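Could you have a look at this structure, given as C-alpha cells, before my questions?
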Amino acid sequence: MEKLEKLYEGKAKILYKTSDPDLLIQYFKDDASAFDGKKKGTIVDKGVMNNHMSSRIFEYLEENGVKTHFVKNLNDREMLVKNLDIIPVEVVLRNVAAGSLCKRLGIEEGRVFEEQPILEFFYKSDPLGDPMINECHVDIFGWATKEEVEILKSEGLKINKLMVEFFKERKIRLVDFKVEFGRHKGQEVLLGDEISPDGCRLWDWETNEKMDKDRFRFNLGSVEEKYQEVYDLICTP
Ligand code: UDP
C-alpha cells in the first residue's frame with residue numbers, strides 16, 4: 001500500500017493518505033504529551049510498542065464482535081486503517097477511581113466500582129482542554145445523533161468488559177481508558193484511534209503499580225520499562 005501525503009498530525013500519531021481513499025496509514029510516534037500538551041517528552045520506542053499493542057487489542061476486539069477501523073499491521077510503526085470521520089466525543093470508561101474523576105469529585109484513588117463501570121463523555125477539543133460533557137451537549141450541538149450516542153455507550157461498555165478480561169488474564173487491572181469512534185463512509189460507527197498505555201490506566205494486579213502513561217505524567221520513572229512489560233504481556237504468545 002503506497003503511502004501518500006500527510007493528512008493529519010496529532011500529538012502521538014500521524015495519518016497518511018494512500019492510493020485508496022478509504023484506507024489510511026496510521027503512524028505511531030515516540031512523542032508523549034500530558035496535561036493538555038503542557039508537558040512534552042519522548043518515550044523511547046513507544047510508537048513501536050503502541051502500534052503492536054493496539055494491533056493486538058484491535059484484533060482481539062474484532063474477534064469478539066467489536067467493529068473497528070483496524071485493517072492490518074504493516075510494520076513496526078504503521079497500521080492500515082479505514083478512513084473515518086471522527087466523532088468529536090471521547091468516551092471514557094472507569095472501573096477504578098483515578099485521574100480527573102478523583103480531582104473533580106473528591107473520590108479517593110483506587111476505589112473499585114463493583115456494580116458497574118462509570119461511562120463519561122468529553123468534547124474532543126485541544127483549545128478547550130477536552131471538557132466533560134453529557135448527552136444533551138452531544139445532541140444539541142450536533143456532534144453525534146441519538147442513535148450514534150447509543151452505539152458509543154453500548155460499544156464502550158462492551159469494549160470495557162472485553163478489555164477487563166483481556167488484561168486480567170495478563171495480571172493487569174484495567175482502571176480506566178478512553179476510546180474514540182468515527183463514521184465509516186458516512187454511516188457505520190467504528191472504533192478508531194488506538195488502544196495502548198497512552199490512553200489506558202493499567203495497574204499491576206498484585207501491587208497496584210502503575211504501568212501506563214501516568215509514569216510519564218507524574219515523573220514516576222521506568223516509563224519505557226513499564227511500557228515494555230505491558231508490551232511483553234500483550235504481544236508475546
Ligand atoms: N485519556 C486519554 N486522552 C485524553 C484524556 C484522557 O487518553 O485526552 C485517558 C487517560 O489516559 C485515562 C482515561 O482516559 O486512562 C481517563 O482520563 P482522565 O479523565 O482521568 O484524565 P487525566 O487524568 O488523564 O487528565
Side-chain angles (χ1 to χ4, degrees), residues 8-13 26 28-41 43 46-47 49-51 53-54 57-58 61 68-69 86-113 116-134 137-138 143 152-153 155-157 159-164 166-167 172-182 191-204 208-220 223 226-227 230 234:
Y8 168 81
E9 178 156 5
K11 293 190 279 271
K13 296 187 293 298
Q26 179 159 253
F28 287 74
K29 303 192 278 186
D30 286 349
D31 298 351
S33 66
F35 309 119
D36 297 325
K38 289 187 212 53
K39 180 179 167 85
K40 286 196 175 76
I43 300 174
K46 172 172 81 79
M49 293 188 278
N50 280 0
N51 177 37
M53 287 190 275
S54 269
I57 293 170
F58 280 137
L61 293 174
T68 79
H69 70 158
I86 287 288
I87 294 171
V89 176
E90 299 187 341
V91 182
V92 168
L93 273 298
R94 301 179 184 274
N95 301 298
V96 180
S100 74
L101 175 122
C102 297
K103 255 198 228 154
R104 211 179 324 118
L105 303 175
I107 306 291
E108 190 189 346
E109 184 183 78
R111 176 158 155 194
V112 180
F113 310 131
Q116 54 173 347
I118 293 176
L119 184 145
E120 296 173 342
F121 291 142
F122 294 85
Y123 178 45
K124 192 172 151 57
S125 163
D126 281 338
L128 299 175
D130 297 348
M132 194 179 184
I133 51 171
N134 66 27
H137 301 106
V138 179
W143 295 321
L152 301 189
K153 290 196 291 185
E155 289 299 286
L157 291 169
I159 292 164
N160 182 53
K161 218 173 189 175
L162 288 166
M163 295 238 299
V164 164
F166 180 87
F167 282 107
I172 294 174
R173 191 179 302 279
L174 178 63
V175 170
D176 59 32
F177 66 97
K178 180 264 301 179
V179 277
E180 294 180 24
F181 295 85
L191 175 65
D193 195 44
E194 70 177 297
I195 298 190
S196 74
D198 271 18
C200 301
R201 285 196 171 90
L202 303 168
W203 294 357
D204 181 288
N208 281 345
E209 191 177 23
K210 295 178 167 62
M211 306 177 78
D212 54 68
K213 206 167 85 174
D214 272 354
R215 301 203 74 84
F216 167 79
R217 289 191 185 98
F218 302 110
N219 303 316
L220 301 179
V223 185
K226 289 295 157 191
Y227 271 67
V230 178
I234 292 180

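Because the structure is predicted, anything quoted here is derived from the model rather than measured. Any value given below was found using the heavy atoms of this structure, including those in side chains, with hydrogens, waters and symmetry copies removed. Just so you know, residue 1 is the first one in the sequence shown, and it goes up from there. For ligands, and for the atoms within them, numbers begin at 1 and follow the listed sequence.
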Practice task
Report the part of Glu120 (side chain from C-beta onward, or backbone N, CA, C, O) that has a heavy atom under 4.0 Å from ligand 1; answer both or neither where that applies.
Solution key: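 Neither; no heavy atom under 4.0 Å.
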Problem - Residues in ring pair (Phe, Tyr, Trp, His ring centres under 6.0 Å) contact with Phe122, at least two apart in sequence or another chain - result: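 Not a single residue meets the ring pair (Phe, Tyr, Trp, His ring centres under 6.0 Å) criterion with Phe122.
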Handout entry: Which residue and heavy atom of the protein sit nearest atom 8 (O) of ligand 1, plus the separation
Key = Asp130 OD2, 3.1 Å
Practice task
Check ligand 1 against Asp198 and write out every atom of the ligand that is under 4.0 Å from a heavy-atom position of the residue.
Solution key: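 Taking each heavy atom of Asp198 in turn, ligand 1 has 7 (O), 11 (O) under 4.0 Å.
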Exercise for the section: Give the single entry among Glu90, Glu180, Lys213 that approaches atom 5 (C) of ligand 1 most closely by any heavy atom. Expected result: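 Comparing heavy atoms across Glu90, Glu180, Lys213, the nearest one to atom 5 (C) of ligand 1 lies in Glu90.
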Exercise for the section: State the atoms of ligand 1, each with its element, that fall below the 4.0 Å cut-off from a heavy-atom position in Gly99. Expected result: 20 (O), 23 (O)
Practice task
Around atom 10 (C) of ligand 1, find the nearest protein heavy atom and jot down its residue, atom name and distance.
Solution key: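 The closest heavy atom on the protein side is Arg217 NH2, 3.6 Å.
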Handout entry: Nearest-contact summary for atom 22 (P) of ligand 1 - protein heavy atom, Å
Key =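 The answer is Arg201 NH2, 3.6 Å.
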Exercise for the section: Any chance you could lay out the side-chain contact (heavy atoms from CB on, under 4.5 Å) test for Lys210 and Arg217, step after step, and finish with the verdict? Expected result: CA-CA 11 Å; Lys210 295 178 167 62; Arg217 289 191 185 98; over 6 Å; no
Problem - Selection from Lys11, Met132, Lys178 by shortest heavy-atom distance to atom 6 (C) of ligand 1 - result: Lys178
Problem - Whether Tyr123 and Trp143 hold their rings parallel, tilted or perpendicular, with breakpoints at 30° and 60° - result: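 Rings of Tyr123 and Trp143: parallel, as their planes differ by under 30°.
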Practice task
Give me the one residue out of Asp198, Asp31, Asp126, Asp36 that meets side chain to side chain donor-acceptor pair (under 3.5 Å) with Lys11.
Solution key: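 Among Asp198, Asp31, Asp126, Asp36, the one meeting side chain to side chain donor-acceptor pair (under 3.5 Å) with Lys11 is Asp126.
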Handout entry: Given Lys13, His69, Gln26, the one that forms side chain to side chain donor-acceptor pair (under 3.5 Å) with Asp193
Key =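 Going through the options one by one, the only one that passes is Lys13.
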Practice task
Please verify whether a non-hydrogen atom of Asp36 lies at under 4.0 Å from ligand 1.
Solution key: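 For ligand 1, residue contact (heavy atoms, under 4.0 Å) with Asp36 is absent.
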Practice task
Mind checking whether Asp212 contacts ligand 1 via backbone (N, CA, C, O), side chain (CB onward), both or neither, at a 4.0 Å heavy-atom cut-off?
Solution key: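 Neither part.
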Practice task
Just let me know how Asp176 lines up against ligand 1, side chain, backbone, both or neither, with a heavy-atom cut-off below 4.0 Å.
Solution key: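 The part of Asp176 near ligand 1 is both the backbone and the side chain.
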Handout entry: Any donor-acceptor N/O pair, Lys213 side chain to Ser33 backbone, under 3.5 Å
Key =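 Looks like yes, one N/O pair under 3.5 Å.
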Problem - Heavy atom of the protein closest to atom 25 (O) of ligand 1 (residue, atom name, distance) - result: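 Among all protein heavy atoms, the one nearest atom 25 (O) of ligand 1 is Ser100 CB, 4.5 Å.
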Handout entry: Heavy-atom neighbours of Lys39 NZ exceed 12 at 6.0 Å
Key = yes
Practice task
Measure Cys200 to ligand 1 on non-hydrogen atoms and call it side chain, backbone, both or neither using the 4.0 Å cut-off.
Solution key: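 Answer for Cys200: backbone.
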Handout entry: Pairing of Arg201 and Asp212 as salt bridge, 4.0 angstrom limit
Key = no
Handout entry: Lys103 contact mode with ligand 1 (heavy-atom cut-off under 4.0 Å)
Key = neither
Completion exercise
ring pair (Phe, Tyr, Trp, His ring centres under 6.0 Å) filter on Trp203, not counting sequence neighbours, yields none
